[in-house]
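Single-structure report; data block below.
For ligands, and for the atoms within them, numbers begin at 1 and follow the listed sequence.
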Amino acid sequence: MTDLAHLRSDFPILDQKMNGHPLVYLDSAATSQKPAAVIDAVADFYRTTNANVHRGAYTLSNDATDLYEGARAGVAAFVNAAVGEIAFNRGTTSALNQIAYGWGLYNLKPGDRILLTLMEHHANIVPWQLVSRHTGAELVYVPHTGDYALDLDAFADLLDERVKVVGITAMSNVLGTINPVRQIADAAHEVGALVVVDAAQAVPHMAVDVKAMDADFLAFSGHKMLGPTGIGVLYGKASLLEAMEPAEGGGEMISDVQLESSTWASVPHKFEAGTPPIAEAIGLAAAVDYLQAIGMDVVRQHEVEITAYALDALTAIDGLTVYGPPDTANRGGAVSFTLADIHPHDLATILDQRGVAIRAGHHCARPLARSLNQPATARASFYLYNTPSDVDALVDGLQESREIFGVA
Ligand code: 7TS
């Protein structure tokens, strides 16, 4: 197995006991842990360079601006975007709201359709519902197949010239499914629709190239890819960002302000109203450096292997059902499951007593949970610091749960 165990010592939080057991962190789909390089980059910034950006009458502010803009360049290169195509914000949720409110609100009208998938996180559903209330555009959903892939036949049937935007997750945070974004984009573009990619789970775990995907817009969060909380990324094709309205107004995003109206700063600054997440952007750049030093192909390979190991071990447990593709070629490292009729919250509580952290619930994807007839599932999710012994601890805890609940 691709052995990244030597990296564990880079993550100070992992070196502790939880309820008397070594911490086994299996909730990286919710948020990842941070290596010392990221923690230090944030602390060093506050210790040595902290000042507001883009207001530089003095050296410290210029230095902070250089670091902030350098972070933008690093993040842009990471996903093969041009520097001006990357705007920083609070996270995936913010980015998707910016797209819905900056593009959707001004470009959708009654009779238009917003085509989403049943796999979407609420962050790629609710902003479109809000915009649909304002514009009269209709929401339509692509279902998934029995083997947890996007139903491409249904997609083809639903895709016509009424569809103006397709919103799709590159990787499901519940099923782990990796969706064929390029294929979806090509089909969408043929009917003149834009493609909005929720890459919150993809960018941290596999090489993502916005050009190869032909994404029109793409969103991701720093905190799921070893970076700080409070920093996210909006990518948009340059021409679309130029034409798009800002969803937020305020300082730093204007060219001029008159009493009745204003003109906007150039992209990407018109999408960064107010003081941006400066230290967080610098921390994210450190996370990108850290991931690049390992190589995203290695990150992905490790995840494929640990997920395969986990799927084998989990499906060998009597009464356990996994919700997601069995083939690791088509999935990432989020593994959702139920165990007989034990409530997922009970599983999470028993595992917690053994130091194993998993998530239980609907994972902010209620329409998907409903389509699975499972209001709640347990979910283990992996990242580069997880080892087979973490999976073993999970499996031991689940076996113990079976005994506690007397599952035959
Ligand atoms: N999209 C997907 C696919 C996600 O998995 C998440 C967060 C978001 C959007 C929202 O990201 P945020 O950084 O703006 O909050 N997913 C999860 C999860 O699976 N468990 O906790 C958060």
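Heavy-atom contacts of S221 reach the following atoms of ligand 1: 11 (O), 12 (P), 13 (O), 14 (O) (cutoff under 4.0 Å). The contact set between ligand 1 and A29, taken as ligand atoms under 4.0 Å from a residue heavy atom, comprises 16 (N), 17 (C), 18 (C), 19 (O).
Salt bridge D214/K237: present, at least one basic N to carboxylate O contact under 4.0 Å. Using a cutoff of 4.0 Å between basic side-chain nitrogens and carboxylate oxygens, D186 and R182 are scored as salt-bridged. Note on R300 versus E303: no salt bridge recorded, every NZ/NE/NH1/NH2 to OD/OE distance being 4.0 Å or above. A salt bridge links E272 with R72: at least one charged nitrogen is closer than 4.0 Å to a carboxylate oxygen.
Close N/O approach between K224 and ligand 1 is found [any backbone or side-chain N/O within under 3.5 Å]. Polar contact check, T93 against ligand 1: a nitrogen or oxygen pair lies under 3.5 Å apart. For ligand 1, the polar-atom distance check finds an N/O of R379 within less than 3.5 Å of one of the ligand's N/O atoms.
Contact between H122 and ligand 1 is absent, with no heavy atom of the residue lying under 4.0 Å from the ligand.
Contacts between H223 and ligand 1 below 4.0 angstrom, taking non-hydrogen atoms only, involve the side chain exclusively.
Surrounding CD of Q374 are more than 12 heavy atoms belonging to other residues, nucleotides or ligands, all under 6.0 Å away. Within a 6.0 Å radius of CZ in R402, more than 12 heavy atoms belonging to other residues, nucleotides or ligands are found.
Judged as a ring-ring contact (aromatic ring centres under 6.0 Å, His included), and not counting sequence neighbours, the contacts of H269 are H54.
Of the protein's heavy atoms, Q201 NE2, 2.7 Å lies nearest to atom 5 (O) of ligand 1. The protein heavy-atom contact nearest to atom 4 (C) of ligand 1 is H121 CD2, 3.4 Å. Ranking protein heavy atoms by distance to atom 1 (N) of ligand 1, first place goes to D198 OD2, 2.5 Å.
Nearest to atom 20 (N) of ligand 1 by heavy atom, out of H363, R359, H362, E120, is R359.
Of the residues T229, T93, T92, the one that meets the side-chain hydrogen bond (donor to acceptor under 3.5 Å, both in side chains) test with S221 is T92.
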